[in-house]
Amino acid sequence: MVKRGVKLPKSRLKREKNRAQKTMASAHDSEKEKKGLFGMFSFHKKEHGAAPPIKDAGKKGTADSKYSASSEKKTGKEKRIKQIAELEHRYGVGLLDMLKHMSLKRDKMRPISETNEVRGEDKKPGEQPARIGHNAPSGEVRITGLGSITPKEGSEKEKHPSVVPPVRKEDINLLATYDFVSDLIPITIKIYKKKGEFVPIYEVSISIISKNTEIILEKIREELTTQVSLGMVDILSTKDTGVIEQKFIDTITNLISKHFPDADENTTNFLKSYLIQRSLGLGSIEILMDDINLEEIAINSSDVPVWVYHKKHGWLKTNITLENEDQTRHYATMIGRRVGRQLTILEPLMDAHLKGGDRVNATLEPISASGNTITLRKFAAKPWTITDFIKDGTISTEAAALVWLGAQFELSTLIAGGTATGKTSMLNVVANFFPPNQRIISIEDTREIQLPKFLHWIPMVIRLPNPEGKGEVSMLDLLVNSLRMRPDRIIVGEIRRKREAEVLFEAIHTGHSVYATVHANDASETITRLTNPPIEIPKSMLPAISMIVVQYRNRRTGERKTFQVAEILPDSEPNVLIQLDIRKGVLKKVANSKSLMSTIELFTGFTRNEISKSLKEKEIVLKWLAKNNINTVDGVGRVMAEYYTNKDYLMGCVRKNKLLAD
């Protein structure tokens with residue numbers, strides 16, 4: 001038995017009373033006391049050897065005879081002492097010492113409302129009963145007369161993160177919403193402006209997955225790591241990729257059957273895709289990759305949300321955040337393995353291209369001071385065509401007809417512009433004007449150019465060196481090699497160095513038509529870049545380039561426009577023929593041609609009137625393309641092929657405004 005008659009100091013009694021009063025309020029509405037660990041006991045303070053009644057912790061009074069200790073049998077007392085010993089064994093040696101100043105009285109196993117802690121005769125108005133707080137806040141064990149036992153502050157924060165207050169409807173201005181499917185997973189996107197945010201929000205939601213289902217799926221994903229054994233599979237081997245995925249699929253199927261036995265086939269396939277995406281893929285980043293409206297995905301660190309660049313709305317802040325820097329590094333390493341690249345502390349920078357054409361750049365801290373970063377530039381699933389440019393207002397039919405005229409008569413053209421202004425897209429548009437009876441070779445860092453399938457086209461891409469620095473195939477290597485393949489036209493992704501530019505101009509002078517891109521903001525700056533380091537081409541060679549098309553992006557609105565169409569004069573100075581009016585957003589003719597038309601007259605024998613007639617004819621065809629929304633690469637390519645090989649038939653369809661026969 002527990003010793004009786006121990007008197008507590010007054011200061012201790014006062015502290016115990018204050019603690020009890022704090023615990024009473026939170027314990028009022030519990031209905032689970034009879035099932036709890038301490039449900040069969042009430043603890044009371046000892047005062048001068050007498051057993052006080054259960055009224056309020058710290059108050060004195062006479063014992064209720066119905067529940068007095070004298071009525072207890074000896075066997076009952078021994079049983080309770082044994083239970084206390086079991087509690088001590090389970091919860092620590094200090095528990096019995098903590099109870100030495102408390103008396104034990106048996107409570108009948110009845111509802112809380114019937115116990116003496118809430119009996120009307122013992123409770124004063126406004127008082128809260130003192131009892132065991134089984135419905136106390138999570139993580140706390142409350143005992144009458146004792147303070148709450150709580151976990152450490154740090155762990156409490158981890159278990160219960162701060163709840164973000166719901167956003168009120170009046171604080172949201174919805175800009176757009178749309179749906180798409182990411183690997184059998186239906187996704188809903190909402191783009192809106194929120195009060196207090198200066199950048200619109202790009203919200204991703206998988207509406208058919210509840211919070212409870214998501215918790216179960218995360219547990220299944222954790223089980224995968226213990227149940228899947230890859231054995232001797234080479235994770236770098238592309239041949240073994242299917243083997244790895246199949247092992248995960250088999251295990252996932254078994255786990256889904258275990259946790260979701262009533263799921264139908266469609267639901268099971270959906271859950272498989274969800275788990276594979278998060279186990280073998282890039283998690284929520286895979287969803288962003290499948291949105292055709294996004295051009296760029298930027299992971300700046302795990303402390304801030306992922307950013308995306310939307311074709312219509314520009315830069316947006318998403319509701320996706322990576323868990324930690326290790327996850328960002330894991331994703332970057334995973335991407336590197338797919339293309340045979342390494343990302344380590346010794347090599348903290350990675351620039352790679354995925355098989356689908358997407359560009360990836362990754363950096364590790366401390367090179368990127370705020371954390372590990374990944375920047376993904378998505379490859380357009382549907383390439384831009386001249387129809388898209390005209391309908392979007394990127395270029396006018398007059399300017400497009402002039403570019404088409406130059407492509408028809410094999411005039412070499414440079415596409416200039418700043419970063420993300422649409423240089424490669426314009427290069428693809430110009431390439432759609434090529435006739436079907438010529439051999440075309442394209443040379444790129446990554447495969448972006450897409451031409452009609454019926455053209456005589458050989459696409460080539462560079463190869464980066466391996467981790468030992470061997471096996472590189474540069475753009476210069478491919479350019480030199482292409483001259484031995486008898487091309488009629490050569491497309492070069494970008495001119496960066498002097499040696500590449502020299503070979504390029506040599507190809508022009510040997511009778512090849514060349515089309516390339518270069519970083520410059522206008523025609524004059526293009527001349528300056530070409531004639532100064534690092535390219536440094538002799539100025540006297542520049543007239544070999546007949547036309548310069550400059551692309552422009554308005555950084556405030558995100559709109560892309562053709563900024564200038566210019567020619568290069570014999571003295572190597574630019575002559576701007578068509579200029580964008582920034583204020584009105586339209587292209588205007590600002591000068592007559594001095595060199596371009598003369599070159600066409602010289603090598604074709606056409607008069608100026610015949611050239612002007614050809615330009616007007618091309619404008620009519622371009623307007624017909626836009627009106628009938630012929631915007632696929634093969635569709636536009638077929639119209640061009642008909643123009644070069646069966647012009648009368650095409651013009652008849654255009655005048656009658658009917659589509660070409662299949």
J.: Quick one: does any side-chain atom of Asn324 pair with a main-chain N or O of Asp326 as donor and acceptor, under 3.5 Å?
T.: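 Yes, Asn324 side chain to Asp326 backbone: donor-acceptor pair under 3.5 Å.
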
J.: Would you say Asp522 and Ile548 make side-chain contact, with heavy atoms under 4.5 Å?
T.: no

J.: Give a yes or no on this: more than 12 heavy atoms of other residues, nucleotides or ligands lie within 6.0 Å of atom CD1 of Ile292.
T.: no

J.: Is atom CD1 of Ile345 surrounded by more than 12 heavy atoms (other residues, nucleotides or ligands) closer than 6.0 Å?
T.: no

J.: Can you pull the side chain to side chain donor-acceptor pair (under 3.5 Å) pairs that have at least one residue in residues 371-380, sequence neighbours excluded?
T.: Glu296-Arg377, Thr363-Thr373

J.: Is it true that the side chains of Ser302 and Glu323 contain a donor and an acceptor less than 3.5 Å apart?
T.: no

J.: Can you tell me if Glu444 uses its side chain to pair, donor with acceptor, with the backbone of Glu448 under 3.5 Å?
T.: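 Yes, Glu444 side chain to Glu448 backbone: donor-acceptor pair under 3.5 Å.
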
J.: Using the side chain to side chain donor-acceptor pair (under 3.5 Å) criterion, which residues pair with Gln450? Sequence neighbours excluded.
T.: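 With sequence neighbours excluded, Gln450 shows a side chain to side chain donor-acceptor pair (under 3.5 Å) to no residue whatsoever.
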
J.: Can you find a pair of side-chain heavy atoms, one from Ile187 and one from Asp179, that are under 4.5 Å apart?
T.: no

J.: Answer whether the closest heavy-atom distance between the side chains of Ile374 and Asn361 falls below 4.5 Å.
T.: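 No, side chains not in contact.
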
J.: With rounding to the nearest 0.5 Å, note down the distance linking CD1 in Ile299 to CD in Glu325.
T.: 10.0 Å

J.: Return the minimal non-hydrogen interatomic distance between His519 and Arg529, and the atom names on each side.
T.: O-CD, 2.7 Å

J.: Say you draw a straight line from CD1 of Ile287 to CG of Leu294; how long is it, rounded to the nearest 0.5 Å?
T.: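 Output value for this atom pair is 11.5 Å.
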
J.: Considering all heavy atoms of both residues, which atom of Leu580 and which atom of Gly585 are nearest to each other, and what is their separation?
T.: CD1-C, 3.8 Å

J.: Could you report the tightest heavy-atom contact between Val550 and Ala520, atom names first, then the distance?
T.: CG1-O, 4.5 Å

J.: Glu295 and salt bridge (Lys or Arg N to Asp or Glu O under 4.0 Å): which partner among Lys311, Arg560, Lys312?
T.: Arg560

J.: Test Lys391 against every option in Thr385, Asn629, Asn631 by the side chain to side chain contact (heavy atoms under 4.5 Å, CB included) rule and name the one that passes.
T.: Asn629

J.: Distance from Lys193 atom NZ to Phe198 atom CZ, nearest 0.5 Å?
T.: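 Output value for this atom pair is 12.0 Å.
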
J.: With rounding to the nearest 0.5 Å, note down the distance linking CD in Gln564 to OG1 in Thr526.
T.: 8.0 Å

J.: Does Arg463 use its side chain to pair, donor to acceptor, with the backbone of Gly471 at less than 3.5 Å?
T.: yes

J.: Of the non-hydrogen atoms in Thr321 and Pro305, which two are nearest, and what is the gap between them?
T.: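 Nearest pair, atom of Thr321 first, then Pro305: OG1-CA, 3.7 Å.
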
J.: Any salt bridge linking Arg496 with Asp445? Criterion: basic side-chain nitrogen under 4.0 Å from a carboxylate oxygen.
T.: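 Judged by the 4.0 Å cut-off on N to carboxylate O distance, Arg496 and Asp445 do form a salt bridge.
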
J.: Centres of the Tyr309 and Tyr202 rings: under 6.0 Å?
T.: no

J.: Measuring only between side-chain heavy atoms, which start at C-beta, is Met460 closer than 4.5 Å to Ile441?
T.: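 In contact.
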
J.: Are any non-hydrogen side-chain atoms of Asn432 and Asn428 less than 4.5 angstrom apart?
T.: yes

J.: Ignoring hydrogens and angles, tell me if any N or O in the side chain of Ser368 forms a donor-acceptor pair with the backbone of Ser370 under 3.5 Å.
T.: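 Checking the backbone N and O of Ser370 against the side chain of Ser368, no donor-acceptor pair under 3.5 Å is found.
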
J.: Decide yes or no on side chain to side chain contact (heavy atoms under 4.5 Å, CB included) for Ile386 and Val636, but give the supporting numbers first.
T.: CA-CA 8 Å; Ile386 190 62; Val636 173; 4.1 Å; yes

J.: Give a yes or no on whether the backbone of Leu322 and the side-chain of Gln327 come within a donor-acceptor separation of less than 3.5 Å.
T.: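 No, the answer is negative, given that no donor and acceptor are paired below the 3.5 Å cut-off.
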
J.: Mind checking whether Val473 and Ile462 have side chains closer than 4.5 Å, heavy atoms only?
T.: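 Val473 vs Ile462: side chains apart.
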
J.: Using the rule given for side chain to side chain contact (heavy atoms under 4.5 Å, CB included), can you reason through Asn319 versus Val204, listing the C-alpha separation, both sets of side-chain angles and the distance that settles it, and then say yes or no?
T.: CA-CA 7 Å; Asn319 63 331; Val204 182; 3.8 Å; yes

J.: Please determine whether side chain to side chain contact (heavy atoms under 4.5 Å, CB included) holds for the pair Ile297 and Met289, giving the CA-CA distance in whole Å, both sets of side-chain angles, and the decisive distance to 0.1 Å.
T.: CA-CA 8 Å; Ile297 301 167; Met289 295 288 289; 3.6 Å; yes

J.: Write down the atom of Ala516, the atom of Leu504, and the distance for their closest heavy-atom approach.
T.: CB-CD2, 4.1 Å

J.: Tyr552 and Asn521: side-chain donor and acceptor closer than 3.5 Å?
T.: no

J.: Does Asn293 reach the main-chain N or O of His310 with its side chain, forming a donor-acceptor pair under 3.5 Å?
T.: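 No; judged by distance alone, with no hydrogens or angles, the pair does not exist.
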
J.: Between Lys561 and Gly393, is there a donor-acceptor pair closer than 3.5 Å when you use the side chain of the first and the backbone of the second?
T.: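 Judged by distance alone, yes, a pair lies under 3.5 Å.
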
J.: Check whether any side-chain N or O of Asp388 sits under 3.5 Å from a backbone N or O of Trp384 as a donor-acceptor pair, and report yes or no.
T.: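 Checked: no pair found.
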
J.: Main chain of Lys453, side chain of Asp634: is a donor-acceptor contact present, judged purely on distance under 3.5 Å?
T.: yes

J.: Kindly confirm or rule out a cation-pi arrangement of Arg359 over Phe379, judged by NZ or CZ under 6.0 Å from the six-membered ring centre and within 45° of its axis?
T.: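 The answer is no; the distance or angle limit is not met.
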
J.: Measuring from Thr517:OG1 to Leu427:CG, what's the distance to the nearest 0.5 Å?
T.: 6.5 Å

J.: Salt bridge or not for Lys470 and Glu468, using N-O below 4.0 Å?
T.: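 Salt bridge absent between Lys470 and Glu468.
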
J.: Looking just at side-chain N and O atoms, do Thr318 and Trp307 make a donor-acceptor pair shorter than 3.5 Å?
T.: no

J.: For Ser474, which residues count as a side chain to side chain contact (heavy atoms under 4.5 Å, CB included) partner, sequence neighbours excluded?
T.: Glu472, Leu476, Asp477

J.: On a heavy-atom basis, which atom in Ile495 and which in Val518 lie closest, and how many Å separate them?
T.: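 Distance-wise, the nearest heavy atoms are O-CG2, 4.4 Å.
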
J.: Is the backbone of Asn532 close enough, under 3.5 Å, to the side chain of Glu536 for a donor and an acceptor to pair up by distance?
T.: no

J.: What's the spacing between Arg447 CZ and Ser442 OG if we round to 0.5 Å?
T.: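 Atom-to-atom, Arg447:CZ and Ser442:OG are 6.5 Å apart.
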
J.: Within the structure provided, determine whether Leu288 and Ile285 are in side-chain contact (heavy-atom separation under 4.5 Å).
T.: yes

J.: Considering only heavy atoms from C-beta outward, does the side chain of Phe563 approach that of Leu587 to under 4.5 Å?
T.: no

J.: Determine, stepwise, if the pair His313 / Leu175 fulfils side chain to side chain contact (heavy atoms under 4.5 Å, CB included).
T.: CA-CA 9 Å; His313 301 284; Leu175 302 178; 4.1 Å; yes

